[in-house]
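Residue numbers run from 1 in the order of the sequence given.
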Amino acid sequence: YQCDWSSDVCSSDLIQAVHVSNQTRIFALREDSRSRINTVYMFSYFMGGALGSLLGAFGWNNAQWTGVSAVCGIFAVVGFIAHWRGGKRT
């Protein structure tokens, strides 16, 4: 396996940009609830990463890259459904 450092740096920068963007939205909310909302966000961010690592390892142990790809696909479908069902209604 040959690591392409440029794609690793790029993906890390993009993840950090999304994180900063989300926290900017949180801190634009009501001043008296920022801390609680940020706590929930950070807990969810950590748990999502832990769950992704756990399920990715499970996928690798059972089917290697096919299993990891299946786990990623399931996450994508669940995310799409959550976005579609939870979108703002006008």
Side-chain angles (χ1 to χ4, degrees):
Y1 173 74
Q2 183 179 9
C3 178
D4 181 10
W5 67 270
S6 62
S7 64
D8 292 341
V9 169
C10 183
S11 67
S12 177
D13 288 347
L14 293 174
I15 290 169
Q16 184 175 1
V18 168
H19 182 63
V20 169
S21 174
N22 287 337
Q23 286 198 312
T24 300
R25 296 177 96 184
I26 288 170
F27 289 121
L29 299 173
R30 291 182 13 200
E31 194 171 326
D32 61 333
S33 61
R34 290 178 188 166
S35 178
R36 288 186 299 270
I37 295 171
N38 192 49
T39 299
V40 170
Y41 169 70
M42 290 305 301
F43 177 78
S44 301
Y45 197 86
F46 175 80
M47 292 305 294
L51 181 63
S53 295
L54 177 72
L55 293 176
F58 176 79
W60 178 263
N61 285 333
N62 287 295
Q64 296 189 337
W65 284 118
T66 303
V68 173
S69 297
V71 168
C72 290
I74 290 168
F75 272 120
V77 169
V78 169
F80 175 75
I81 291 170
H83 178 73
W84 179 65
R85 291 187 54 112
K88 293 181 179 179
R89 309 274 188 236
T90 56

Counterpart residues, side chain to side chain donor-acceptor pair (under 3.5 Å), relative to D32 (two or more places apart)
R30

Is it true that a side-chain atom of S21 and a backbone atom of A17 form a donor plus acceptor pair closer than 3.5 Å?
no

Do I74 and W60 belong together in a cluster built from hydrophobic side chains that touch within less than 4.5 Å?
no

Output the distance between atom CD1 (I26) and atom CG (N38), rounded to the nearest 0.5 Å.
5.0 Å

ring-ring contact (aromatic ring centres under 6.0 Å, His included) against Y41, all qualifying residues, sequence neighbours excluded:
H19, Y45

Test side chain to side chain contact (heavy atoms under 4.5 Å, CB included), reference V18, set V20, N22, L14, output is N22

Following the transitive rule for hydrophobic clusters with a side-chain heavy-atom cut-off under 4.5 Å over Ile, Leu, Val, Met, Phe, Trp and Tyr, establish whether F43 and F46 coincide in one cluster.
yes

